[in-house]
Structure formats: structure tokens, C-alpha cells
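All remarks here apply to the structure that follows.
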Amino acid sequence: QVQFVESGGGLVQPGGSLRLSCASSGIIFRLHVVGWYRQAPGKQRELVALITSSGSTNYADSVKGRFTISRDNAKNTVYLQMTSLNPEDTGVYYCRPGASSWGRGTQVTVSS
């Protein structure tokens with residue numbers, strides 16, 4: 001049973017920005033490593049960013065300097081701020097706390 005939901009995706013032009021949110025009512029995110037993953041059409045799902053319980057972050061080389069992962073403990077929400085988006089960032093974005101089941105994800109499409 002998935003206890004979190006991703007939101008915030010959409011269609012954006014190259015160079016634009018989006019902020020994705022992952023909210024949960026059943027999992028306390030600050031106790032887990034939470035990752036944002038994406039799956040582009042025809043490609044395997046890949047990790048793009050993660051945040052640990054202590055707040056340390058790590059990013060895939062392809063998004064370093066453009067994406068920022070953060071966590072709001074009061075709202076029990078993890079965010080992925082994405083800037084300078086390009087068409088290669090298109091895909092379904094998923095958050096995943098620990099080794100939980102996958103959610104439905106949120107579609108991000110970067111296109112002019």
C-alpha cells in the first residue's frame with residue numbers, strides 16, 4: 001500500500017522550472033532516505049537526487065547545479081526544485097522513501 005503521493009509535474013518550456021512535491025500521511029520522511037527518481041521514455045528508471053535523514057543530499061551528475069532536493073519536516077513533504085530544464089529531463093518522476101513500493105509518479109515534459 002503506497003502511503004505517499006507525488007505532484008507538481010507538467011509541461012514546461014526548455015529553460016523553465018518546476019517544483020515537485022512528495023507528501024505522505026503514513027511515512028515519516030525525516031526518518032528515511034528519500035529519493036527522487038525519473039524514468040524517461042524507453043529508458044530505465046534512474047535516481048536523480050536523494051536526501052538522508054540527517055539532511056545530506058546527493059545528485060546525479062546530469063542534474064547537479066540545476067535540481068535541489070529538500071524536506072519540510074513540519075509538512076512531512078519532500079520537494080524537488082528543478083531549474084534550467086531541458087528536453088532530456090522529460091519523464092515520469094517518482095519519489096521513494098527507503099525501499100517502499102513505487103507510487104504513480106508525476107509526468108514532467110520539457111518541450112517548446
Side-chain angles (χ1 to χ4, degrees):
Q1 181 180 358
V2 176
Q3 297 177 295
F4 53 89
V5 61
E6 305 97 334
S7 63
L11 174 63
V12 63
Q13 291 186 341
S17 300
L18 282 175
R19 188 179 78 159
L20 307 183
S21 300
C22 179
S24 175
S25 59
I27 300 173
I28 302 175
F29 282 151
R30 61 180 171 81
L31 300 181
H32 299 273
V33 174
V34 179
W36 277 101
Y37 299 76
R38 70 183 176 195
Q39 187 164 20
K43 294 187 177 181
Q44 288 190 330
R45 197 171 299 177
E46 62 173 344
L47 175 66
V48 296
L50 63 82
I51 185 166
T52 69
S53 55
S54 66
S56 298
T57 59
N58 209 341
Y59 299 92
D61 287 344
S62 60
V63 306
K64 279 181 182 176
R66 301 189 298 121
F67 290 12
T68 303
I69 188 171
S70 62
R71 184 180 65 221
D72 185 329
N73 292 335
K75 295 182 178 180
N76 200 33
T77 300
V78 173
Y79 302 98
L80 185 68
Q81 178 69 51
M82 305 185 296
T83 63
S84 301
L85 286 162
N86 59 63
E88 289 70 38
D89 296 315
T90 294
V92 180
Y93 283 70
Y94 302 86
C95 77
R96 192 188 192 199
S100 66
S101 299
W102 295 99
R104 292 187 174 184
T106 185
Q107 175 71 46
V108 172
T109 302
V110 185
S111 175
S112 56

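Quick note: residue numbers are just sequence positions, from 1. Below, each value reflects all heavy atoms present in this structure, side chains not excepted, and no hydrogens, waters or symmetry copies.
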Discussion item. Could you see if V110 belongs to whatever hydrophobic cluster contains F67? Use Ile, Leu, Val, Met, Phe, Trp, Tyr and a side-chain cutoff under 4.5 Å.
Written reply: yes

Item to complete: Tell me, please, which residues at least two apart from T57 pass side-chain contact (heavy atoms from CB on, under 4.5 Å).
Response: I51, Y59, I69

Worksheet item: Between P97 and H32, what is the shortest heavy-atom contact and its length?
Response: CB-CB, 4.4 Å

Practice prompt. Indicate, with yes or no, if L47 and V33 share a hydrophobic cluster defined by side-chain heavy-atom contacts under 4.5 Å among Ile, Leu, Val, Met, Phe, Trp and Tyr.
Written response: yes

Worksheet item: Among all residues two or more places apart in sequence or in another chain, which pass the side-chain contact (heavy atoms from CB on, under 4.5 Å) test with S101?
Response: V2

Item to complete: Apply side chain to side chain donor-acceptor pair (under 3.5 Å) to Q107 and list each qualifying residue two or more places apart in sequence or on a separate chain.
Response: T109

Which pairs of donor and acceptor atoms, one on a side chain in residues 6-18, lie under 3.5 Å apart (sequence neighbours left out)?
residue : atom : partner : partner atom : Å
E6      : OE1  : G105    : N            : 3.0
E6      : OE2  : C95     : N            : 3.1

Worksheet item: According to a 4.5 Å side-chain heavy-atom criterion applied to Ile, Leu, Val, Met, Phe, Trp and Tyr, with indirect links allowed, do Y93 and L50 form part of one hydrophobic cluster?
Response: no

Worksheet item: Of all residues at least two apart in sequence or in a different chain, which pass the side chain to side chain donor-acceptor pair (under 3.5 Å) check with D72?
Response: none

Practice prompt. Under the salt bridge (Lys or Arg N to Asp or Glu O under 4.0 Å) rule, collect the residues that match up with R66, sequence neighbours excluded.
Written response: D89

Practice prompt. Return the set of residues passing side-chain contact (heavy atoms from CB on, under 4.5 Å) with V5 (not counting sequence neighbours), or none when no residue passes.
Written response: none

Worksheet item: With A60, which residues qualify under side-chain contact (heavy atoms from CB on, under 4.5 Å), at least two apart?
Response: S62, V63

Worksheet item: Can you tell me how far SG of C22 sits from CZ of R71, rounded to the nearest 0.5 angstrom?
Response: 12.0 Å

Practice prompt. Check whether any side-chain heavy atom of I27 sits under 4.5 Å from a side-chain heavy atom of V34, and report yes or no.
Written response: no

Fill in: Those residues that, when tested against Y94, pass ring pair (Phe, Tyr, Trp, His ring centres under 6.0 Å) (two or more places apart)
W102

Discussion item. According to side chain to side chain donor-acceptor pair (under 3.5 Å), who are the partners of K75, at least two apart in sequence or on a separate chain?
Written reply: none

Worksheet entry | Shared hydrophobic cluster, Y37 / F29 (ILVMFWY, side-chain heavy atoms < 4.5 Å) | no

Worksheet item: For T77 and S21, which heavy atoms make the closest approach, and how far apart are they?
Response: CG2-CB, 4.2 Å

Worksheet item: Hey, what do you get for CG (L20) to CH2 (W36), rounding to the nearest 0.5 Å?
Response: 4.5 Å

Worksheet item: Who are the ring pair (Phe, Tyr, Trp, His ring centres under 6.0 Å) partners of Y79, not counting sequence neighbours?
Response: none

Worksheet, complete the sentence: With sequence neighbours left out, the residues meeting salt bridge (Lys or Arg N to Asp or Glu O under 4.0 Å) with E46 are R38

